[in-house]
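Working notes, beginning with the structure itself.
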Protein chains: 12
Amino acid sequence: MRRLPRILVLHGPNLNLLGSREPAIYGRTTLAEIDASLGELALELGAEVETFQSNHEGALIDRIQEAHGSAAAIVINAGGLTHTSVSLRDALAASEVPVVEVHLSNLHQREDFRHRSLLAAVAVGQICGFGAESYRLGLRAAFASLPRRRGR
Amino acid sequence: MRRLPRILVLHGPNLNLLGSREPAIYGRTTLAEIDASLGELALELGAEVETFQSNHEGALIDRIQEAHGSAAAIVINAGGLTHTSVSLRDALAASEVPVVEVHLSNLHQREDFRHRSLLAAVAVGQICGFGAESYRLGLRAAFASLPRRRGR
Amino acid sequence: MRRLPRILVLHGPNLNLLGSREPAIYGRTTLAEIDASLGELALELGAEVETFQSNHEGALIDRIQEAHGSAAAIVINAGGLTHTSVSLRDALAASEVPVVEVHLSNLHQREDFRHRSLLAAVAVGQICGFGAESYRLGLRAAFASLPRRRGR
Amino acid sequence: MRRLPRILVLHGPNLNLLGSREPAIYGRTTLAEIDASLGELALELGAEVETFQSNHEGALIDRIQEAHGSAAAIVINAGGLTHTSVSLRDALAASEVPVVEVHLSNLHQREDFRHRSLLAAVAVGQICGFGAESYRLGLRAAFASLPRRRGR
Amino acid sequence: MRRLPRILVLHGPNLNLLGSREPAIYGRTTLAEIDASLGELALELGAEVETFQSNHEGALIDRIQEAHGSAAAIVINAGGLTHTSVSLRDALAASEVPVVEVHLSNLHQREDFRHRSLLAAVAVGQICGFGAESYRLGLRAAFASLPRRRGR
Amino acid sequence: MRRLPRILVLHGPNLNLLGSREPAIYGRTTLAEIDASLGELALELGAEVETFQSNHEGALIDRIQEAHGSAAAIVINAGGLTHTSVSLRDALAASEVPVVEVHLSNLHQREDFRHRSLLAAVAVGQICGFGAESYRLGLRAAFASLPRRRGR
Amino acid sequence: MRRLPRILVLHGPNLNLLGSREPAIYGRTTLAEIDASLGELALELGAEVETFQSNHEGALIDRIQEAHGSAAAIVINAGGLTHTSVSLRDALAASEVPVVEVHLSNLHQREDFRHRSLLAAVAVGQICGFGAESYRLGLRAAFASLPRRRGR
Amino acid sequence: MRRLPRILVLHGPNLNLLGSREPAIYGRTTLAEIDASLGELALELGAEVETFQSNHEGALIDRIQEAHGSAAAIVINAGGLTHTSVSLRDALAASEVPVVEVHLSNLHQREDFRHRSLLAAVAVGQICGFGAESYRLGLRAAFASLPRRRGR
Amino acid sequence: MRRLPRILVLHGPNLNLLGSREPAIYGRTTLAEIDASLGELALELGAEVETFQSNHEGALIDRIQEAHGSAAAIVINAGGLTHTSVSLRDALAASEVPVVEVHLSNLHQREDFRHRSLLAAVAVGQICGFGAESYRLGLRAAFASLPRRRGR
Amino acid sequence: MRRLPRILVLHGPNLNLLGSREPAIYGRTTLAEIDASLGELALELGAEVETFQSNHEGALIDRIQEAHGSAAAIVINAGGLTHTSVSLRDALAASEVPVVEVHLSNLHQREDFRHRSLLAAVAVGQICGFGAESYRLGLRAAFASLPRRRGR
Amino acid sequence: MRRLPRILVLHGPNLNLLGSREPAIYGRTTLAEIDASLGELALELGAEVETFQSNHEGALIDRIQEAHGSAAAIVINAGGLTHTSVSLRDALAASEVPVVEVHLSNLHQREDFRHRSLLAAVAVGQICGFGAESYRLGLRAAFASLPRRRGR
Amino acid sequence: MRRLPRILVLHGPNLNLLGSREPAIYGRTTLAEIDASLGELALELGAEVETFQSNHEGALIDRIQEAHGSAAAIVINAGGLTHTSVSLRDALAASEVPVVEVHLSNLHQREDFRHRSLLAAVAVGQICGFGAESYRLGLRAAFASLPRRRGR
């Protein structure tokens, strides 16, 4: 039996707070709900998702390294690390799989320091501004970026 | 009988060349094929698309103004105007409908002057880097951004 | 019989929308009403006005070139082109008549890229921030700038 | 008997030299002549003007504070302080009346450090480049900005 | 019996070294002594303090998240993270309690990259330069910032 | 009988308006009330305060020079001069007593030009963002900075 | 019979004014005279020229696209668009023929914003400063750049 | 009897402190001693000096204006105003006599903001770094710059 | 028996991947092989090395703090943290032993953000560009920097 | 017999290597071949050329000074000095003959520091990007720039 | 008999002063001693060194060109030319052998203009901060960079 | 017999042209006349001058090094090298005698790149703008800077 391609979905610092605080900005959908929704969409597309959240840059890097060989693509919302972590960028570049960068909010409408993503240059592409829907679009984009995917 | 929401898809300068030249960069899909694919996806989502391409900044602005009242959302790949046209930005801001900005290539991997989008701040969000798939994701994003859409 | 000096009033991109959309920002006065008001004021001052609006940079340049010999001064609100069009600047510089730059809003209270006017250096002066009144003041300023005007 | 609205006209450093020195740049009209002309125009519009000149930043701030309650609007040509005085800006912001910024010369054609006005962001609008006429246009603009003016 | 408001005091990287190394710069007071002194001052003010030090950005963010509901205010000296951590800023912003930023040294007298605090914009205010006294002033400031405190 | 150390408290331009205008930003406490409160706190700490306000940069410098020999420390809120006055900085540097810089508002949340303090580099430290409380904290900080103070 | 290689010569905004206005800057040669001179030189070199002027960015892009297959090289003086048009740059890059950029004046002696050419990076080379002679040198350069030209 | 040319020597803020404080930086010569030394040197050269010190920008400007007609040249050490006062620059430019800028210290070895002099562009030349000797050299330079001086 | 001086060798994020991925950039030598080679070289020089790798900034800081008293020098390749970690810099500065910064690649030939090392200012020196040999040279440099080493 | 105008052709550092090294970048034509080709073209145009190469900035300046009176124009490819030598610029400015700046490569496609030419502002014009042909075009341009040349 | 590979060691301006002046900064080792030490180390490694010092940029370039064919690698400390000489960079790039850049001092701890090396991008790597030891490490690095060296 | 202190006067590139070319800018005084005048002034002050001009940076550095031990001070007008030569700066810093920087023109009124002097930070002071008189003032300043001079 063929295994479905596995897509790793990474959530950076503070994304575990989704839904419970500052709903005016980030909406009322919790991270668990987003993960569940991505699981369903993955099945629909013919893939599996694995999700991981951490407030620790190092833990995210460890996770990316561990995924080597098992993950076929990565969808990542690195939160604040998007703008500051060269190490995360290097880890993603070393992962050798397609990376899709997603953001809940439209970074271009926020503070200047959020306009630059250190990760963008090592990702296939970037999706931002559509709230929880950004993740779903990102999963589709990651699936579409798989080098030789089946069942499409 | 209820009318389907109409989504205007705008293609800026040089996008009419898609598929025929520089395929190594932009792929072999023609603009007509992209438009057809968007038409099918729209039907699937329960919407209609109308597409327009021009090499003239003024013609794109005229088209956005004409769409007032008929278009429920706009998906735009403004090409080189993305980085230079304040007038196009003003026209989109005045359109009073959700705007989704899409790009075939990952702008963040190209020349510095392509890193800044003048349009991003007036769009709901931005999708870039997935080739023709960027348009399809953009259409989904626009549909998801419709204020009160049916049949979801 | 002596002819009255003719002052060309140019409106750039999106100014045709005045009064119908985003009234909170731009007020409820339409462009037609502004043009009419300028016509009356011109008569009062002893001049004539001719007005032209376009969303096309090229059309505005064409119009400036055509005015050579007939227009004694130019009042221009170039909208978004104010900040981006070297070509419009060059056309105004070549017009060899006094140019007055006007803006409805106070550019210095808006986005950074609106703080720089490429046109200012080739204009006699600049008036901004007084809504439709900016045009009326601009017409007075243009009239006062006429090299040898009568009836003052 | 109703009192006419009073408009305070402030002249910053070195403007007392108008007319007597560097006439090639600043013209031959003296400050006294400008003040007289503004007085006449005010009467015509249905207002009064009060004028004040000082080379001292602090004296100008004192004067703005003293005008609280009596001045309905302020027209100010702050001279060199335009580009350097945060304190003057704060005083104007605290005045709670419409402020109109005027300049004799077109600042955009002069040294780079004159291109930025610290005052512009707290003024209704800005008028520059028309010599003594800038003041007259500024008075009209201030009058038009009065919240509930009579006799228009 | 009413509970005293609890104020969380956070110490970032390298602050555990206080007192033992580089005393010429940072003084001879140890972190334990500072914490003890804050405990006493808190009692005097009618509050409790809880203190936490870590060299790990992620651990500080975890701690801020855990404090939700129990801490009434946060006093933070983020050390080197002050200038680099967007994630810490986001965690503080999400904490929904008053945040007071403190620093032992006067950042404005040190290297350029220490002049910008990423945290300042999400704090009520900032205190720097007074050595261990900065913490004590910060605790007072935090106490004064409590929305509805008793016993003052 | 021993004299109490005297601390000079300086208020820069526009601070005389405190409490009477723009209370939403600056609160309803007047400058007189702040001065009174500082007087009481000083007594409590074992010190005296002397206060001075001026809208004139020169007057503030004169006052600093006159305080030589009598003032043991300076607490200063220089208002808008904070960002523009090299002369005030030089006067403070020449005072040879500890200087504490205070601000009512959190400068880091306001316009860019308010982010840089010319005075910070010659002060012991800086306190901002706590409204009238900033002054009280500043007085404590100044007292704690006295080289050989009694009664602590 | 072999056809001569055809070289497309493009003139951007305001170049139609050549010879008639501002002769002190741009000389007295008209655009028609330049075009005629280029026609003669082309024959001498063994080539043909086709010339086109427009004040419309879009029209210039259209013309470049239409030349696909027929033009063997492009000589372009884009006027003010040189510094502002990413779209024109993209059109030239897509043309797949050698592009030679020419300017009448020495851009490096004019305003700062004229020092950067967006087109230079997609051209074989650049010639500026020699008045009408720039075009003639540009035609020679374009001819020398033809991939396999005859009769040299 | 012919009158000797009169040279106005201006000292800006804090220069009245010379000799009494921070002698390590500014030396032990007092301002009175410098003024006396300049008086002697002037006589030797065949000129008179008049000196003026103020901590008030406005007072310095007033003094420059009053000197019109009587002063043949100006030597100025504007202290901190050197880097911040556009108004002082304008006053000097309007004085229509040769201006020589002097500084005790070598500005290029101090903080970055002291590297730019707003006055330099309106002075004949600049002398800095030689302590009190800078003034003496400046007086010689001013004397040498007098348009038609006798007795050399 | 005398103990050999101990040199701590620190490897930052992603350096554990050496040899196994992206060999074209980073070579085929694994981190274990580098560590072994350094052990041999240390013996040859008369020293010991201790090595540590982590993807966690905090863990690296913890390790530096723990080395206090036992390590005589530090050789560090901080990977991506080189450019972003003020906290790591502060930890190294507090270590009070000679620090040698090494990099496998020549940072000056890579992205702009890799040109600045936050660590360089607190290190004795920097070695970059020689692949695994950089570490060996770094160990020699660290040994040569030991304050009073034996057996050289 | 009339003498032909003499044009001095200067080659800066490293241009003596032309043709022998890095032919992929600079082509296989040697400097001697270029000089010979220029000699022939000069005769054809009715001029003479004199050529000089040096790796020494000072020698190039000496040569320019020596040419005073004998050279009617200068064609210069200053190599790396183009971007760094103010002295060479000053020497060319002092030469009082038309200067034409040429470059083999298109500087705008190379490193950022090559985009600025210090010489451009003192040259009639600039030609770059056409390899050895740049020199030939430059010679034509210099010839066309001769003030009163014969035999054209 | 096989010849040993020859490594050219270049010393830029002022390095001939080593040991005799400013020993606090540059140490007491003379350049002759450094050269002798390098000669010994070379023999030990199985190589020869040739050394050259000049204060003339041009002489250094000449020497690099002459070394073509005989030198197998270059070790260079270009002194002040490191930061200013594009011509030296071009000469090194054209040398087609491995280049190692060394510096006595840690450039990152000195003036800002010393932080950028124009040479770094054309060198294999860079070593700085270890005094005379930098040269020895540089020689080792150069030896390790030889394409096919024997006897290792 | 006591020897007079010797002051070395250095003239950089193009200063040998003084008096013969561009007299409108640089005056009609030749370099020989300046040198003669300095010789006379030196005698009057009780010193000797030695002068040297070169267009070669290296030759100027050689000369400074040779002066070690014999020159008691240096007066230098480095011409264009002022803004570009780090090597010259280093040579002057190593000279260990007082250096006075002079310029004929007021650099602050010329091109931006002339506003920064690399030499200023290693000089006692700077004199610019007084033409040939700058040298004479510079000689006086150098004489006044001699550590223990006689006969004053």
Side-chain angles (χ1 to χ4, degrees), chain B residues 8 10-14 52-74 76 78-99 101 107 111-124 126 147, chain C residues 10-32 52-64 76-89 91 101 103-105 107-120 128:
Chain B
L8 177 62
L10 293 172
H11 309 290
N14 298 304
F52 179 73
Q53 190 277 335
S54 176
N55 293 329
H56 296 248
E57 177 194 52
L60 290 160
I61 296 170
D62 288 348
R63 189 67 192 78
I64 291 166
Q65 293 185 353
E66 289 160 23
H68 192 61
S70 68
I74 296 175
I76 183 166
L81 295 171
T82 301
H83 318 295
T84 65
S85 178
V86 173
S87 301
L88 196 53
R89 171 194 180 121
D90 289 348
L92 290 170
S95 74
E96 299 177 337
V97 294
V99 174
E101 184 189 0
L107 301 177
E111 302 96 328
D112 274 8
F113 63 80
R114 294 198 209 265
H115 294 192
R116 184 181 76 145
S117 163
L118 278 167
L119 311 185
V122 300
V124 175
Q126 194 188 45
Chain C
L10 294 172
H11 309 289
N14 298 305
L15 288 162
N16 54 329
L17 303 179
L18 272 183
S20 59
R21 263 173 284 171
E22 297 190 289
I25 303 178
Y26 297 107
R28 296 202 173 275
T29 316
T30 64
L31 194 61
F52 180 72
Q53 191 276 336
S54 177
N55 293 328
H56 296 247
E57 176 194 54
L60 290 160
I61 296 171
D62 289 347
R63 190 66 193 78
I64 292 167
I76 184 167
N77 177 356
L81 295 171
T82 301
H83 319 295
T84 65
S85 179
V86 174
S87 302
L88 196 54
R89 172 193 179 121
E101 182 189 0
H103 299 284
L104 298 164
S105 62
L107 301 178
H108 308 286
Q109 292 167 351
R110 302 182 67 188
E111 302 96 327
D112 274 7
F113 63 79
R114 294 197 209 264
H115 294 191
R116 184 181 74 143
S117 163
L118 278 167
L119 310 186
C128 69

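To find a chain, count down the sequence lines: A is the first, B the second, and so on, and within it residues start at 1. Everything quoted here is computed from the prediction, not taken from an experiment.
Rounded to the nearest 0.5 angstrom, C:H83 NE2 and B:R89 CZ are separated by 10.0 Å.
The minimum heavy-atom distance linking B:S87 with C:P13 is given by the pair OG-CG, 3.5 Å.
Listed by sequence position, B:E57, B:G58, B:A59, B:I61, B:D62 are the residues of residues 57-64 of chain B in contact with chain C, using a 4.5 angstrom heavy-atom cutoff.
Around atom CZ of C:R28, no more than 12 heavy atoms belonging to other residues, nucleotides or ligands sit under 6.0 Å away.
The contact between C:L81 and chain B is made by backbone and side chain atoms together, counting heavy-atom distances below 4.5 Å.
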